[in-house]
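Each remark here refers to the structure printed beneath this line.
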Amino acid sequence: MRPLSTKLAAIAPSATIEITEKARKMQAAGTDVISLSIGEPDFPTPSHITEACIDALRRGETHYAPGKGIPELLKAIAEKIEQENKIPCTPDQVVVGCGAKDSIYEACEAVLSPGDETIILDPSWVSYEPCVQIAGAVPVHHPLHQNTFQVDDSLLEKVTKKTRMIIVNTPSNPSGAILNHESLQLVADICQDHDLIVLSDEIYEKLIYGKIHTSIGAFPGMEDRTITVNGFSKAYAMTGWRLGYAVASKEIIGNMNKVQQHTISHPTTFAMYGGVAALKGPQECIEEMRAEFERRRAFVLKSMDEMGLSYAPADGAFYAYVKVDGDDAEVANRWLEQGHVAVTHGSAFNHPGWVRLSYAASMDRLQEAMSRISAVL
Ligand SMILES: Cc1ncc(COP(=O)(O)O)c(C=O)c1O
């Protein structure tokens, strides 16, 4: 048989999913593995959201919906983006996808032509590079500052005539770092000077500890060149609902909608009613989860201090990103095989020498995990 897609041959499977699978296999074989490798809130979806979805099902919202999403949800997203993120937005500048991941993929397809370069700031979330590659474009990696995890002038060295887009992610998965105003201004200036688009992944915007979140789409001159991506998975513990969205100029949204029309059509109709309830309903549930993450974060970082391990800023998301000695994949493997704790090695984020621990696990499990890691060390 002739070879399958050469485009996909160059793309590695998701490292985070692979590690979680290995941990699952060990668990199935009877080993008590503590999985700190997956980026998923361990809370149930708030009940008012689930109820809204069930109501929608009972009302018979089980048919095709408008391609970009149900009007109520487009309106709720546009209002949220204007009020909270200070980005001018009308409902026709929104497209709802099957998770932020889908919106990121569609954004790449919508903007990039074959051979275009996209700058990815490392450490970077595992799916940016494959999304760029699937769109036939070329990922160009650039490291954030190694201590501050901020952008500096060296970014300009990566801009060429072929550069079309820069991807920013704040708060960051895996580092938890939040890009400050200066970093975002640098990116905005470069985008305007070189006619680039920025894809801003803000999926962790609600999970921050003592800092404030800034959207690059709100910077002067950035309205038409920013694709702001967000979703429901992390803020509302809705990972399995597969609901995310992008906000951008009508032209970009039009292109994303073309991709959507010929692939997913739209996200599940009744799930979108849960999305409306999430955005329009009570928001205390977010603070309750955030506060619990903050408590766990304090415990994990204190444990890291006690073990003499250093870590990235951890100002947002739910990850401790920890510096390790030696090969990070070997370290992660050792922690899994000897300590039965699954973490993700930094190389998966194009950033060797680090490992990522998710503290989206109960306090009891985190306590046990820390003592196991300490024993391995
Ligand atoms: C940085 C980042 N962006 C996007 C996503 C995708 O989220 P969703 O579940 O909405 O597809 C994740 C999920 O882990 C993430 O960590």
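These numbers come from a predicted model, not from an experiment. Note that ligands are numbered from 1 as they come in the structure, with each ligand's atoms numbered from 1 the same way.
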query: Per the side-chain contact (heavy atoms from CB on, under 4.5 Å) rule, which among Arg296, Arg290, Met289, Glu294 passes with Glu292?
result: Arg296
- request: Keeping the roles fixed (side chain from Gln93, backbone from Ala248), state whether a donor-acceptor pair exists under 3.5 Å.
  value: yes
- request: Answer with yes or no after comparing the ring centroid distance for Tyr236 and Phe43 against a 6.0 Å cut-off, counting only values under it.
  value: no
query: Mind checking what residues have non-hydrogen atoms under 4.0 angstrom from ligand 1?
result: Gly99, Ala100, Lys101, Trp125, Tyr128, Asn169, Asn173, Asp201, Ile203, Tyr204, Ser233, Lys234, Arg242
field: Cation-pi, Tyr273 ring and Arg59 (6.0 angstrom, 45 degrees)
entry: yes
task: Answer yes if the side chains of Asp328 and Ser347 hold a donor-acceptor pair under 3.5 Å, and no otherwise.
output: yes
- request: Any salt bridge (charged side-chain N to carboxylate O under 4.0 Å, His left out) involving residues 248-270? Give me the pairs, sequence neighbours left out, ordered by first then second residue.
  value: Asp92-Lys250
